[in-house]
There are 2 protein chains.
Amino acid sequence: MSAKTNSNEARLNERLGAGGFRFTPQRQRVYDVLLQKRDHPTAEEVFIRAKRAMPEISHATVYNCLDALVQSGLARQVTLERGATRFCPNMEEHCHYYCDACGEVFDVALTGDSPLLPRPKGFKIARYDIAVHGVCADCAAKAKK
Amino acid sequence: MSAKTNSNEARLNERLGAGGFRFTPQRQRVYDVLLQKRDHPTAEEVFIRAKRAMPEISHATVYNCLDALVQSGLARQVTLERGATRFCPNMEEHCHYYCDACGEVFDVALTGDSPLLPRPKGFKIARYDIAVHGVCADCAAKAKK
DNA sequence: ATTCAATTTAGAACAATTCTAAATAGGCGG
DNA sequence: CCGCCTATTTAGAATTGTTCTAAATTGAAT
């Protein structure tokens with residue numbers, strides 16, 4: 001086990017605890033899956049990947065684990081379009097560029113100040129999600145041909 | 001029929017045409033439903049409301065109409081959370097405040113400059129959606145008690 | 001009027017998510 | 001270490017949201 005894996009495990013343990021959740025092998029596995037390939041997988045994709053090293057894991061558990069990770073501040077839930085929700089372990093301030101042509105999702109860091117948003121009086125902001133729709137460079141090039 | 005309704009109908013007709021769609025009574029009805037109560041209804045809610053004046057309208061038609069409106073630039077599709085997609089006829093630049101406690105959605109106009117977003121090279125932006133999650137003033141007050 | 005494609009319809013099918021009840025596992029006080 | 005209590009996991013059923021299908025209808029353009 002690498003030092004990197006160790007530190008991820010430590011953070012997982014700590015954050016789950018802070019969120020009132022237990023550390024379980026399934027949650028560790030699901031978190032690993034998110035960290036290993038940061039391509040904004042759906043719950044179904046996470047399920048498939050998680051099964052590779054833990055074949056007996058169930059669908060409901062994957063949802064439970066993902067929810068626990070989201071509530072513990074270790075992952076974000078991303079809803080870009082109708083259909084399956086995606087998950088993202090990048091907790092830096094960033095926005096999502098979504099290519100309507102190929103479906104790929106790009107994280108782009110929000111540099112400097114957060115966008116200045118007016119807000120309803122008294123509203124307590126927990127987080128915000130910025131989704132940008134359009135066509136990525138590759139797809140734009142293909143379309144031009 | 002009021003002058004207001006007339007102008008909405010004219011715009012609907014024009015925009016549908018520009019988008020390559022036909023004007024139909026069902027599309028008019030669905031658009032009316034969106035305009036009459038701007039509370040970000042789900043497709044199911046639109047279906048129920050549309051039925052009141054058009055009892056024979058079907059589920060599939062409501063989806064078809066909503067998609068036509070979205071593609072014609074007359075409505076926006078809003079995905080704030082897992083579960084049903086919502087629809088919004090407000091085409092001004094605005095962001096959505098979503099109360100995680102009561103589920104209410106508030107439109108807030110984006111004043112002045114759009115937030116400056118860095119973007120991937122070559123990405124052609126079609127539109128962007130800003131969703132702010134948190135707790136609205138009412139729910140925050142209730143929670144404090 | 002005729003024709004062709006878009007649209008609508010009811011209902012089936014499918015996909016995503018949540019629920020259920022029973023089994024298991026963790027942490028804690030004794 | 002034991003027993004207890006609660007959280008978690010599991011398989012599968014159930015529910016919800018969305019899309020598909022095939023046939024009938026409608027609309028626009030000849």
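The interatomic distance linking F47(A) (CZ) with dT18(C) (P) rounds to 15 Å, in whole Å. Taking atom CG on L16(A) and atom C1' on dT8(D), their separation rounds to 12 Å, with Å as the unit. Spacing between atom CZ of R29(A) and atom C1' of dT8(D) amounts to 18 Å, rounded to whole angstrom units.
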Can I get a per-line list of side-chain donor-acceptor pairs under 3.5 Å for residues 65-73 of chain B, giving both atom names and the distance, sequence neighbours left out?
unit_1: D67(B); atom_1: OD1; unit_2: R82(A); atom_2: NH1; d: 3.0
unit_1: D67(B); atom_1: OD1; unit_2: R82(A); atom_2: NH2; d: 3.1
unit_1: D67(B); atom_1: OD2; unit_2: R82(A); atom_2: NH2; d: 3.1
unit_1: S72(B); atom_1: OG; unit_2: A68(B); atom_2: O; d: 2.7

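Scanning for salt bridge (Lys or Arg N to Asp or Glu O under 4.0 Å) contacts around R127(B) gives D100(A), with sequence neighbours left out. By the salt bridge (Lys or Arg N to Asp or Glu O under 4.0 Å) test, R49(A) pairs with D39(A), sequence neighbours left out. Scanning for salt bridge (Lys or Arg N to Asp or Glu O under 4.0 Å) contacts around E104(B) gives an empty result, with sequence neighbours left out. For A126(B), there are no side chain to side chain contact (heavy atoms under 4.5 Å, CB included) partners at least two apart in sequence or on another chain.
Near-neighbour residues of DNA chain D inside residues 18-25 of chain A, defined by a heavy atom below 4.0 Å, number-ordered: F21(A), R22(A), T24(A).
Screening residues 8-29 of chain A for ring pair (Phe, Tyr, Trp, His ring centres under 6.0 Å), with sequence neighbours left out, gives no hits. Among pairs with a residue in residues 14-31 of chain A, none fulfils salt bridge (charged side-chain N to carboxylate O under 4.0 Å, His left out), at least two apart in sequence or across chains. Sorted by first and then second residue, the pairs that involve residues 67-105 of chain B and meet ring pair (Phe, Tyr, Trp, His ring centres under 6.0 Å), not counting sequence neighbours, are F123(A)-Y97(B), H40(B)-H96(B), H94(B)-H96(B), Y98(B)-H133(B).
The two residues V135(A) and C99(A) have their closest heavy-atom pair at CA-SG, 3.9 Å.
Counting only heavy atoms from C-beta on, R27(A) has its side chain closest to dT8(D) among dT10(D), dT9(C), dT8(D).
Think of I48(A) as one node in a network of Ile, Leu, Val, Met, Phe, Trp and Tyr side chains linked at under 4.5 Å; it has no links at all.
In the helix from dA1(C)-dT30(D) to dG30(C)-dC1(D), the terminal helix axes, each the rotation mapping four pairs' C1' atoms onto the next four within five end pairs, subtend 30°, rounded to 10°.
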Which pairs, protein N/O on one side and nucleotides 18-25 of chain D N/O on the other, fall under 3.5 Å?
unit_1: dT18(D); atom_1: OP1; unit_2: T85(B); atom_2: N; d: 3.1
unit_1: dT18(D); atom_1: OP1; unit_2: T85(B); atom_2: OG1; d: 3.1
unit_1: dT18(D); atom_1: OP2; unit_2: Y63(B); atom_2: OH; d: 2.6
unit_1: dT18(D); atom_1: O5'; unit_2: Y63(B); atom_2: OH; d: 3.2
unit_1: dT19(D); atom_1: OP2; unit_2: R82(A); atom_2: NE; d: 3.2
unit_1: dT19(D); atom_1: OP2; unit_2: R82(A); atom_2: NH2; d: 2.5

